[in-house]
Number of protein chains: 2
Amino acid sequence: MVTIKDVAREAQVSVATVSRVLNNQGYVHEDTRVKVEGAIKHLQYRPNNVARSLFKKRSKMIGFIVPDITNPYFPQLVRAVEDVTNKAQYTTFLCNSDENLKKELMYLESMQENHIDGAIIVSNTLQLQHVDNVNIPIVALDRFFHDRIPSVTIDNYNEARKAVRYMLDRGCKRIAHIKGPEYIENSKLRQMAYEDEMRENMLPSIICNGEYHLKKSEKALIDLLMLYPTIDGVFAGNDVMAVGALKAASRLELKVPDDLSIVGFDGIEWTETVSPEITTMEQPIYEMGKRAATMLLELIDGKGINDDHVVYDTKLIERETTKKQ
Amino acid sequence: MVTIKDVAREAQVSVATVSRVLNNQGYVHEDTRVKVEGAIKHLQYRPNNVARSLFKKRSKMIGFIVPDITNPYFPQLVRAVEDVTNKAQYTTFLCNSDENLKKELMYLESMQENHIDGAIIVSNTLQLQHVDNVNIPIVALDRFFHDRIPSVTIDNYNEARKAVRYMLDRGCKRIAHIKGPEYIENSKLRQMAYEDEMRENMLPSIICNGEYHLKKSEKALIDLLMLYPTIDGVFAGNDVMAVGALKAASRLELKVPDDLSIVGFDGIEWTETVSPEITTMEQPIYEMGKRAATMLLELIDGKGINDDHVVYDTKLIERETTKKQ
DNA sequence: CGATCATGTGTAACCGGTTACACAAATTTT
DNA sequence: AAAATTTGTGTAACCGGTTACACATGATCG
């Protein structure tokens, strides 16, 4: 391995001078700079970032904890974060927590040990106390974390109400809801929104559990539709379950949207891969990832952030699973 | 930050002793061990992995270069790699190359600078020379790289022939192929297999270009079917394009599989989210990721690997887009 | 009972960078 | 022309660990 000493010897200067050239700071005579750069090129020298991190206490790495990268909501988020951080010369390391506190804590420790400069976290299980003794900037993404932890989210409650209201506007009366897991705050908020909107319209709520899971929501909806065949609309707690709902309709040979309207939530690509394409509340997923990453970099650079809690709007994408006005 | 010196002072021993306790090696008296462990717990000490890496020249980090994490083939691969490497106390850092040589080289450099212990690479653009001056173990995944670089792949050519043969067996005669990008070796092999299998059965080839892209393949197939409405089968170069083909059929109100059979390739989850579910040649994606990661760890540990080039079989999953025998 | 070996611990060099500080030479200011 | 400042470079301490080596003590053995 070529070290800074080798370069110094080759260029007949001290290591300090080489370091100055590398970091482009302090005084270096033009002739010396040329000599050193020549030596660097000649020896194919690459500075050792580990040594550098040790001294500077900056690793140029950030961590990203997601529940599960195979969940189709997350790849875009990861991509966005990577795009931003890489542009700023940071590398991202990825952790799948499976919504499991133990794993999350393990990852946080590992991040600490590796001198990570900051972290982005999608979690409902982590508590303030857990991240408090990790002494690095943290941004919460997709899920609100704590007043003191900056976050990038959407307003799940109000956007979900909009979705239900839209279905009501389009003439649905007997709308069912496929809910996600209760321990996920977002999922709970969407359910509450559905219930409140229905209640305010003097309509009964009817809910089944899809667990954020395609097959489970398909099965749950089939069972529900057998019991209550007059259901004319389904608001799914997320797109994965909306796809499940569509499959259920297909199994039961219901026409979508004529017999049954379906609205999803999230705006993942799956909703466009199926026929008919699914109407959904689209989150600006990539944009959210970008924003979180940008905020994190600012925090790392010690810049205060103006709006610590960014809340994005969703966009109703009218597709083929709801009736046109 | 609590350092090893703080612990040494607290436990009234030398740093060497603390280090011995931490690494569980060398002689340490039981009483001393207890004292040190007490101090560690008391001070909440966590060793600094950066310092450790600097001396040991082992960072306990591995790199993973994929073309694009938002491509639905890759998340499972990433997940598998992470699961294996994390179990061995490694962290994984992820890089999206966009099949772009410049980015790949940039990432390789960054890995070198960060003293990465090894890398897994999905690439067609990188050449041996590029990875040769990076002096770390490398495993190629999904795509064959070079004789000297261990790899985990499938036999694209023969498995694709099986797929076409299966369609012929099921009575399809006028089978078209939606091909992927030519610069991707796997895609080229699958196309060749299609052509060879058709030729050997005295049947003409008919090919359109889907670019591994849903919308493009949908459009390409619609155009093709307009010109040649008697096509009775489509072998898609991957599942994403098979989904596109299914949408095309739906647009043209063709019945699948009665009017048109469709077979995909890869075995990604998308094929199960649509109706009808798509028949596909399933790759053991998770298994492949696991294997590649395991091989890499062995290489890092200096163990020679017996079979440097692992080739997995695919499995024909008969679903609803092909006729039952 | 002296030699040999296992056990237990500390000192200091080392990993590969960065930078505070010292100092000399060149340049500018007064 | 002397003083002050800017420019250019090297020495050595430092970041937080690991480990070779030295040394002391106690146990084992012929």
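Below, each value reflects all heavy atoms present in this structure, side chains not excepted, and no hydrogens, waters or symmetry copies.
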Separation of [X] atom [atom1] from [N] atom [atom2], in whole Å?
X      : N      : atom1 : atom2 : value
B:Q12  : C:dG10 : CD    : P     : 10 Å
B:R46  : D:dG17 : CZ    : C1'   : 14 Å
A:R58  : D:dC15 : CZ    : C1'   : 16 Å
A:N114 : D:dG16 : CG    : P     : 15 Å
B:N48  : C:dC15 : CG    : P     : 18 Å
A:N24  : C:dT19 : CG    : P     : 13 Å
B:R9   : C:dT11 : CZ    : P     : 14 Å
A:R52  : C:dC15 : CZ    : P     : 19 Å

Next item on the list: With rounding to the nearest 0.5 Å, note down the distance linking NE2 in B:H309 to CZ in B:F145.
Entry: 11.5 Å
Does a side-chain N or O of [X] approach OP1 or OP2 of [N] to a distance below 4.0 Å, or not?
X     : N      : value
B:Y27 : C:dG8  : no
A:T32 : D:dT9  : yes
A:N23 : C:dT18 : yes
A:T17 : D:dG10 : yes
A:S14 : D:dG10 : yes
B:Q25 : D:dT19 : yes
A:K57 : D:dG16 : yes

Would you classify [X] as touching base, sugar-phosphate or nothing, given that sugar-phosphate means primed atoms plus P, OP1 and OP2, and contacts are heavy atoms under 4.0 Å?
X     : result
A:N49 : nothing
A:S19 : base
B:V18 : nothing

Can you tell which of [options] lies closest to the side chain of [X]?
X     : options                : answer
B:P47 : D:dG17, C:dT18, C:dG8  : D:dG17
B:A16 : D:dT9, D:dG17, C:dT11  : C:dT11
A:K56 : D:dG16, D:dT19, C:dT18 : C:dT18
A:F55 : D:dT18, C:dG17, C:dG10 : C:dG17

Which atom of [X] lies closest to which atom of [Y], heavy atoms considered:
X     : Y     : result
B:A88 : B:K60 : O-NZ, 3.6 Å
B:L54 : A:L54 : CD2-CD2, 3.5 Å
B:F64 : B:V78 : CE2-CA, 3.6 Å

Next item on the list: Using a strict 4.0 Å threshold on nitrogen-to-oxygen distance, state whether A:K56 and A:D117 make a salt bridge.
Entry: no
Next item on the list: Would you mind telling me which residue lines up with the more 5' stretch of DNA chain C, A:Y45 or B:V28, judged by nearest nucleotide?
Entry: B:V28
Notebook entry, point to check: Taking the nucleotide of DNA chain C with the closest heavy atom to each, which residue, B:A51 or A:R20, is nearer the 5' end?
Noted result: B:A51
Notebook entry, point to check: Pick one: which of A:V21, A:L22, A:N23 meets side chain to side chain contact (heavy atoms under 4.5 Å, CB included) with A:Q25?
Noted result: A:N23
Next item on the list: Nearest-nucleotide wise, let me know which of A:E30 and B:L54 is further upstream toward the 5' end of DNA chain D.
Entry: A:E30
